[in-house]
Amino acid sequence: MENLTDEELMGLIVGGNLDMMRHLFQRYNIKIYNFCIQMTKDKDLSKDITQEVFYKVLKHRETYRQNKFSSWIYAIARNLCKDYYKISNKTKRLDDKGLKYTSEINETRSEPLANIRQLNIALNQLNDSDRELIVMGKYQGLKYHEIAEITNSTLGAVKTKMHRAMHKLKDYYFLKTKHHEL
Amino acid sequence: MNCKEIKHLITDYHDNNLDQTTKILVEEHIENCLTCTQIYQEFIHLIDIINQVQEELPDKDLELNFENILAKEKLAFKTSKSTVLKPKSKVLRSMLQVAATILLMISCYLLGNYKDNVSKAKEIATLKQEKTEMQTIATLSLMENESASKRLQAVSYAKAITKPDSKILKVLIIKMNNDKYTNVRLAAANALAKFAENTKVRQALVKALETEENANMQIELIQILVDIEEKRAIPTMKKLLQNTETPTYVKDQINSELKQII
């Protein structure tokens, strides 16, 4: 079973072998959980969303078509996170005090962790779609064509948007750093 | 290539996503342009930081909850699978329903029929009882009639009653013993013969033979007593045989009948 691709496993699940879902859970639960954390900055909520993602995969297995499984599961996670944006208070999310785990990290003063904190602050200054692109492309390591599939966009559009988002992130990151150094 | 173009390609350059020619062009530009070198250095740093971000590990209950969800879904799947098989049992079910309906109809019909019969039987029984009562009343009133023929009619009515009550039997016994007319007495005796299973009637018949003086009545009574095999009548018969006043043809009758009864 370890040698089967995600899509082959999904085929077995659709065929009625629901236990195969365990393998997909093992392959994706940490990825999806971290994706949700990057998107929501809330561990408890991310756990709930991750759970909901696997519930939906199981529940709607019949609607799975032959495209890449990773794109499908990320699309589900992305939509659930978006639902969360709709009901959550944006300003609260962007508020540094709301960043539960960045403040945890803040307690430690080692340089790499300070950098990560800085990165998170920069990331949170991006708009939702830019942040989403960077999380998928740079944090989760998804390919451009996968992101295009997930976001229902084209490869070219994703590439262009990604470049812009990366430049913005870099600018936010280094501007902040400079600001701190002053 | 100017700096603006390089800016667009710099992430792809870092990710090694460029074709060989473009890659060399970008590389050459970066080496010679201070601004672009700085930008590139910043990118390297940024991506290095991103790569340092460690994955968060969800706590164990995420997996436990997933197992719960999976178990529920498996159960739901099994149930839905069995519902797929249901059409078969649906046919069976509707067949059973039809059978049950037919059974119900039949049982209703039978019950109705039975009830109808019961009520009819009840009605008939009531009517019969009413008839008996009327017969009794008619018989009793006729018995006291002046006319002997009416009294004879009454006796025949009484005889027709299948289960006469004690009143009728009493009146019949009285008529057998005391009516002025032998014909009425004979008819009464005959009627009583029919109800001989009643012990009072038997006793009355035996007693009547003792008291009866009319020879015709005596012969009739002897006949009846022998027919009902009443052995208690034997002493009375023997007495009649010894009695000198008893007519010979009565004695002959007694002699011939006695042989049968003993």
Side-chain angles (χ1 to χ4, degrees), chain A residues 13 16-19 21-22 25-26 29-34 36-38 43-44 46-48 50-59 61 101 112-120 122-123 134-135 137-141 143-144 159-160 162-167 169-174 177, chain B residues 3-19 22 26 35-85:
Chain A
I13 293 162
N17 189 350
L18 300 191
D19 285 316
M21 195 62 214
R22 278 200 193 90
F25 179 81
Q26 292 307 335
N29 82 88
I30 295 171
K31 283 184 187 175
I32 296 293
Y33 177 65
N34 279 276
C36 295
I37 286 177
Q38 293 301 338
K43 283 186 180 180
D44 289 336
S46 297
K47 204 175 78 185
D48 290 348
T50 308
Q51 207 169 291
E52 183 75 11
V53 167
F54 285 97
Y55 173 75
K56 287 205 163 187
V57 168
L58 260 181
K59 210 68 186 166
R61 57 185 183 276
Y101 87 109
L113 291 178
N115 286 338
I116 290 169
R117 180 175 164 267
Q118 200 55 51
L119 175 68
N120 282 316
L123 189 67
I134 289 169
V135 168
K138 305 299 170 189
Y139 283 68
Q140 302 283 320
K143 302 275 184 293
Y144 287 154
K159 269 188 182 176
T160 315
M162 184 68 92
H163 295 158
R164 266 190 228 143
M166 278 304 280
H167 280 284
L169 180 69
K170 178 184 68 71
D171 289 346
Y172 283 131
Y173 180 85
F174 284 101
T177 310
Chain B
C3 289
K4 208 181 173 186
E5 284 170 314
I6 295 295
K7 205 181 165 190
H8 280 292
L9 295 169
I10 211 155
T11 52
D12 277 338
Y13 173 72
H14 180 270
D15 293 343
N16 203 12
N17 276 343
L18 298 173
D19 58 84
T22 327
V26 173
T35 330
C36 286
T37 306
Q38 203 202 335
I39 291 171
Y40 183 58
Q41 291 301 324
E42 284 175 354
F43 262 113
I44 291 172
H45 178 75
L46 183 69
I47 289 173
D48 185 43
I49 300 294
I50 290 174
N51 289 337
Q52 281 176 31
V53 175
Q54 288 192 341
E55 276 188 326
E56 295 276 335
L57 291 178
D59 40 352
K60 264 290 167 196
D61 56 334
L62 179 68
E63 190 166 354
L64 290 177
N65 288 338
F66 165 73
E67 284 296 335
N68 273 338
I69 291 168
L70 183 62
K72 273 185 195 166
E73 194 54 35
K74 275 161 81 176
L75 192 75
F77 180 61
K78 266 186 192 172
T79 344
S80 69
K81 229 183 175 181
S82 59
T83 51
V84 172
L85 292 173

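Residue numbering restarts at 1 for every chain, and letters A, B, ... go by the order of the sequence lines.
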For [X] versus [Y], what's the shortest heavy-atom pair and its separation?
{"X": "A:Asn34", "Y": "B:Glu56", "answer": "OD1-N, 2.6 Å"}
{"X": "B:Leu70", "Y": "A:Met21", "answer": "CD1-CB, 4.0 Å"}
{"X": "B:Asp12", "Y": "A:His163", "answer": "OD2-NE2, 3.2 Å"}

*List in chain and number order the residues that pass salt bridge (charged side-chain N to carboxylate O under 4.0 Å, His left out) with B:Glu73, two or more places apart in sequence or in another chain; answer none if no residue qualifies.*
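With sequence neighbours excluded, B:Glu73 shows a salt bridge (charged side-chain N to carboxylate O under 4.0 Å, His left out) to A:Lys59, A:Arg61, given in chain and number order.
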Residue set satisfying salt bridge (charged side-chain N to carboxylate O under 4.0 Å, His left out) with B:Glu67, at least two apart, ordered chain then number -> A:Arg22
Can you tell me how far the [atom1] atom of [X] sits from the [atom2] atom of [Y], to the nearest 0.5 Å?
{"X": "B:Asn17", "Y": "A:Lys143", "atom1": "CG", "atom2": "NZ", "result": "9.0 Å"}
{"X": "A:Gln118", "Y": "B:Leu46", "atom1": "CD", "atom2": "CG", "result": "11.0 Å"}
{"X": "A:Asp19", "Y": "B:Lys74", "atom1": "CG", "atom2": "NZ", "result": "3.5 Å"}
{"X": "B:Ile44", "Y": "A:Lys170", "atom1": "CD1", "atom2": "NZ", "result": "12.0 Å"}
{"X": "B:Ile49", "Y": "A:Asn115", "atom1": "CD1", "atom2": "CG", "result": "3.5 Å"}
{"X": "B:His8", "Y": "A:Arg164", "atom1": "NE2", "atom2": "CZ", "result": "7.5 Å"}

Are [X] and [Y] side-chain neighbours, meaning at least one heavy-atom pair lies under 4.5 Å?
{"X": "B:Pro58", "Y": "A:Thr50", "result": "no"}
{"X": "B:Leu62", "Y": "A:Phe25", "result": "yes"}
{"X": "B:Gln52", "Y": "A:Ile116", "result": "yes"}

For [X], which atoms come within 4.5 Å of any heavy atom of chain A: side chain, backbone, both, or neither?
{"X": "B:Asp48", "result": "neither"}
{"X": "B:Leu9", "result": "neither"}
{"X": "B:Lys72", "result": "neither"}

*Measure A:Tyr55 against the heavy atoms of chain B and call it side chain, backbone, both or neither at under 4.5 Å.*
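Backbone plus side chain of A:Tyr55, per the 4.5 Å heavy-atom cut-off to chain B.
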Check your understanding: Is it the backbone or the side chain of A:Leu119 that comes under 4.5 Å from a heavy atom of chain B, or both, or neither?
Key ->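 Contact with chain B is through the side chain of A:Leu119 alone.
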- Query: Hey, is A:Lys138 close enough to B:Asp15 for a salt bridge, meaning N to O under 4.0 Å?
  - Reply: yes
*Verdict with supporting geometry, A:Gln38 and B:Val53, side-chain contact (heavy atoms from CB on, under 4.5 Å)*: CA-CA 11 Å; A:Gln38 293 301 338; B:Val53 175; 4.1 Å; yes
Ranked by heavy-atom pairs below 4.5 Å to chain B, first place among A:Lys47, A:Met162, A:His167 goes to A:His167
Check your understanding: Can A:Lys43 and B:Asp59 be said to form a side-chain contact (heavy atoms from CB on, under 4.5 Å), step by step?
Key -> CA-CA 10 Å; A:Lys43 283 186 180 180; B:Asp59 40 352; over 6 Å; no
Quick one: sort the A:Phe54 and B:Phe66 rings into parallel, tilted or perpendicular, breaks at 30° and 60°.
perpendicular
